[in-house]
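Below is one structure, written out as structure tokens, with a few remarks after it.
Each chain gets a letter, A, B and so on, in the order the sequences are listed, and its residues count up from 1. These numbers come from the heavy atoms of this one structure, side chains and all, not from hydrogens, waters or symmetry mates.
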Amino acid sequence: MPELPEAETIVRDLRARLPGSTVARVRVKHPDILHTGLTPTVLDRRLRGRTFTGVARRGKNVVLELDAGLRIVINLGMTGRVVTSDAVRAGELRHIAVRIELSDGRAVLYDDARRFGDVDLRDEPGWAERDAQLGVEPLSDAFTAELLHALTRTSISPIRNWLLDQRRVAGVGNIYALEALFRAGVRPTRRARTLTRRETAALRDELRAVLQESIDARGTTISDYRDASGEPGNFDRRLRVYDRAGEPCTHCGTEIRRVVLSNRSAFYCRRCQK
DNA sequence: AACGCGCCCTGTCCGC
DNA sequence: TGCGGACAGGGCGCGT
């Protein structure tokens, strides 16, 4: 579910609620969402008494920062939510996998119906390792047209698949990859290395635009995404191709097509996208 | 080495 | 109303 804009929205909400609070204890209901090697006992023991100092985002990951350089790294998978207990009604969350109880009586809750998410705990060097696995932040100054062009030269993958690989560009998922490709006039099936300089420049610009516009709208809610305040996002009304198979293209009226790439749907306008 | 596929798991929707 | 199948915003591990 959540891509960069949804993670960013959650991070901004938590940033207003979490720093300064101290962990009392941690309860894990579904240990299968813990990162490989991490156990409920270790998580509880290492977090007790630690104080939250900040909240950050890296790609699609929500990063809860604590003193002593500790970080809780949360990948939301398809249905993950991170909220503080004071922001939701009792009973609203039906799949709480991890509950981080705070000394002020509140709790940080990780809820995940499908349990595709991942909760990890990292010290400073451990975080550096994870950070290094992720590609460039698309909203950063480092994400230039030059860089995107250079990175795509060696790949024969369809550009949609290429964009989903978090080791290259961090934070782009299926929705925003397809929306950016539509705006840039590039078909999702095009092999990455065949994009012209003009096309990679347009794709870079449109990716940044669509991600920023979605952040401004507090993300996209298809069905169950909610931000850390429990509110749905508003960007779904602005989607031009995602999940619009059979509907007319907003630009030319041609029916939007659906194709399957690597077992995941891709949507495009065959007239507007070359 | 890079790539695509199957799979992880639960919920929802659609056709019969 | 019930049931089976398809599908879902992600990403890992595997075989090629």
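Residue A:S262 places at least one side-chain N or O closer than 4.0 Å to OP1 or OP2 of B:dC5. Phosphate proximity of C:dG10 to A:R114: absent, as no side-chain N or O sits under 4.0 Å from OP1 or OP2. An OP1 or OP2 oxygen of B:dT10 is reached within less than 4.0 angstrom by no side-chain nitrogen or oxygen of A:R94. For A:R168 and B:dC3, the shortest distance from a side-chain N or O to OP1 or OP2 is below 4.0 Å. One finds a side-chain N or O of A:K60 lying less than 4.0 angstrom from the OP1 or OP2 phosphate oxygen of C:dG10. The phosphate of B:dC9 (OP1 or OP2) has no side-chain N or O of A:H30 nearer than 4.0 angstrom. At the phosphate of C:dG11, OP1 or OP2 sits under 4.0 Å from a side-chain N or O atom of A:N75. Under 4.0 angstrom from either OP1 or OP2 of C:dA8 there lies at least one side-chain N or O belonging to A:S265.
Aromatic stacking of A:F116 on B:dC9: not satisfied for centres closer than 5.5 Å together with planes under 30 degrees.
In summary, of the residues considered (A:V108, A:V63, A:V26, A:I100), a side chain to side chain contact (heavy atoms under 4.5 Å, CB included) with A:I72 occurs for A:I100 alone.
Across all strands, A:R258 comes closer than 4.0 Å only to sugar-phosphate atoms, never to a base (heavy-atom distances). Among the atoms of the strands shown, none is found under 4.0 Å from any heavy atom of A:Y176.
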| said: Please evaluate residues A:T220 and A:D236 with respect to the criterion side chain to side chain donor-acceptor pair (under 3.5 Å), reporting the C-alpha separation (whole Å), side-chain torsions for both, the decisive distance (0.1 Å), and the verdict. | reply: CA-CA 5 Å; A:T220 300; A:D236 53 310; over 6 Å; no
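Every stem involving DNA chain C, taken as at least 3 paired positions in a row under the Watson-Crick or G-U wobble test at 3.5 Å, is listed here: B:2-8 with C:10-16, B:10-16 with C:2-8.
Heavy-atom distances under 4.0 Å link DNA chain B to A:S155, A:I156, A:S157 of residues 144-157 of chain A, given in residue order.
At a cut-off of 3.5 Å, with distance as the only test, a side-chain donor of A:R240 or A:T250 sits close to an acceptor on the other residue.
For the pair A:T36 and A:R264, both in contact range of DNA chain C, the more 5′-proximal nearest nucleotide belongs to A:R264.
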